[in-house]
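Step one of this worksheet: look at the structure below.
Ligands are counted one by one from 1 in listed order, and the atoms in each one are counted from 1 as well. These numbers come from a predicted model, not from an experiment.
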Amino acid sequence: MKKLVFSIISCFLIMSCDMPVKKENSKEVENTIPADQKFGLVIHGGAGTILKKNMTDSLEKAYRLKLEEATKAGHKILADGGTSMEAVTAAINIMEDSPLFNAGKGAVFTHDGTNELDASVMDGKTLNAGAISGVTTVKNPIDLAVAVMDKSEHVMLSAKGAEQFAQEQGLEIVDPSYFYTERRFQSLQKIIDKEKTQLDHDDDKKVVFMDPYIKDSKFGTVGCAALDKYGNLAAGTSTGGMTNKRYNRIGDAPIIGSGTYANNATCAVSSTGWGEFFIRAQVAHDISAMMEYKGVTLQEAASEVIQKKVPALGGDGGIVAIDKDGNVAMEFNTAGMYRAHMNATGDLDIKIYKNN
Ligand code: ASP
């Protein structure tokens with residue numbers, strides 16, 4: 001009997017030593033990791049009909065190298081003690097300067113053969129934000145969004161006024177021809193040709209106007225969400241919008257709460273996809289709000305919005321996001337999404353298609 005009591009007590013003691021403190025509350029366990037070891041960033045270069053069969057080896061390599069360069073540049077800033085906003089803008093600048101992505105240099109064409117650029121940023125610590133839309137001469141639209149946030153009393157500026165502000169702030173101004181790339185121009189011609197044939201058979205102008213967007217564009221917007229060593233989150237998004245857009249159409253990318261959102265209490269999000277639906281679903285803020293009000297994880301919130309809410313409306317696309325503990329989500333409902341992530345320990349993860 002004595003032996004039995006002794007074994008039970010020893011067993012109990014051994015088990016209680018192995019038991020982690022507050023095992024039932026995973027968030028508190030995560031929070032024991034010091035803030036300066038949780039930093040990281042996640043980027044996207046657009047979601048859409050990105051299929052291996054349509055990709056050459058050299059083009060795929062070029063995309064992977066550019067994603068790697070942008071991620072590493074942002075990561076270095078974070079590792080050296082820079083802010084999440086600095087990391088976000090550095091990563092986005094690299095993609096804006098590349099013709100591969102639909103932002104800055106590689107922006108898609110409007111119906112009239114011009115390039116109209118949109119961008120936004122948000123600071124999760126202050127909930128301050130900056131956005132611009134419809135600019136045609138600003139080399140790096142994300143820098144202008146930051147200037148609006150930091151140097152003006154406004155949140156959003158558009159078209160000529162935004163360009164005047166860019167000049168006053170000493171940002172780099174380029175001739176609109178800087179944004180000409182043959183690849184994007186040919187995409188516009190294809191869509192216009194298709195539109196003409198469809199118009200012969202279809203009286204519903206609204207359908208004709210929207211249809212070529214999804215079938216023929218690889219969207220290609222760029223964005224980044226980052227968490228720095230000080231526990232501050234930031235997000236940014238930059239785009240040329242959608243090929244063949246007209247009437248000065250503005251998508252979700254410059255809309256705070258749709259294309260971009262950051263809040264230190266929850267997460268930082270950057271969206272890419274069919275902007276009209278992302279505006280109506282308030283994608284970026286919805287993910288944050290679900291975490292804030294319902295206490296769900298970032299991944300649960302991102303799946304709910306991207307796999308259920310957006311498709312239920314008829315839209316498609318994806319998001320990248322990072323939460324206040326450094327957890328990352330890269331969720332999309334299209335064939336692929338250019339995306340990459342790097343955490344505090346320097347593990348780099350780059351993917352284009354569903355699984356690789
Ligand atoms: N969301 C962007 C827009 O609708 C397009 C994209 O993500 O590529 O303007």
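- Within the 4.0 Å heavy-atom cutoff, R249 counts among the residues contacting ligand 1.
- Set against the non-hydrogen atoms of T272, the atoms of ligand 1 under 4.0 Å away are 6 (C), 7 (O), 8 (O).
- Using modelled atom types, one finds no donor on one side chain facing an acceptor on the other under 3.5 Å when comparing Q307 with N333.
- Distances below 4.0 Å separate heavy atoms of G241 from the following atoms of ligand 1: 5 (C), 9 (O).
- More than 12 heavy atoms of other residues, nucleotides or ligands lie within 6.0 Å of CG in D80, so this atom counts as buried by the packing criterion.
- Y230 has its ring centre no less than 6.0 Å from the ring centre of F39.
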*side chain to side chain donor-acceptor pair (under 3.5 Å) between S270 and H44, worked out*: CA-CA 8 Å; S270 171; H44 70 76; 2.9 Å; yes
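- By the 3.5 Å distance cut-off applied to N or O atoms, T221 is counted among the residues near ligand 1.
- Between F101 and Y63, the ring centre distance stays below 6.0 Å.
- Residue-ligand proximity, D252 to ligand 1, at heavy-atom distances under 4.0 Å covers atoms 1 (N), 2 (C), 3 (C), 4 (O).
- Y180 and F109 have perpendicular rings, their planes meeting at more than 60° on a 0 to 90° scale where under 30° would count as parallel.
- With ligand atoms numbered from 1 in the order given, ligand 1 contributes 4 (O) to contacts under 4.0 Å with heavy atoms of G275.
- Proximity to G220 (heavy-atom distance under 4.0 Å) selects the following atoms of ligand 1: 8 (O).
- At a 4.0 Å cut-off, at least one heavy atom of G273 sits close enough to ligand 1 to count as contact.
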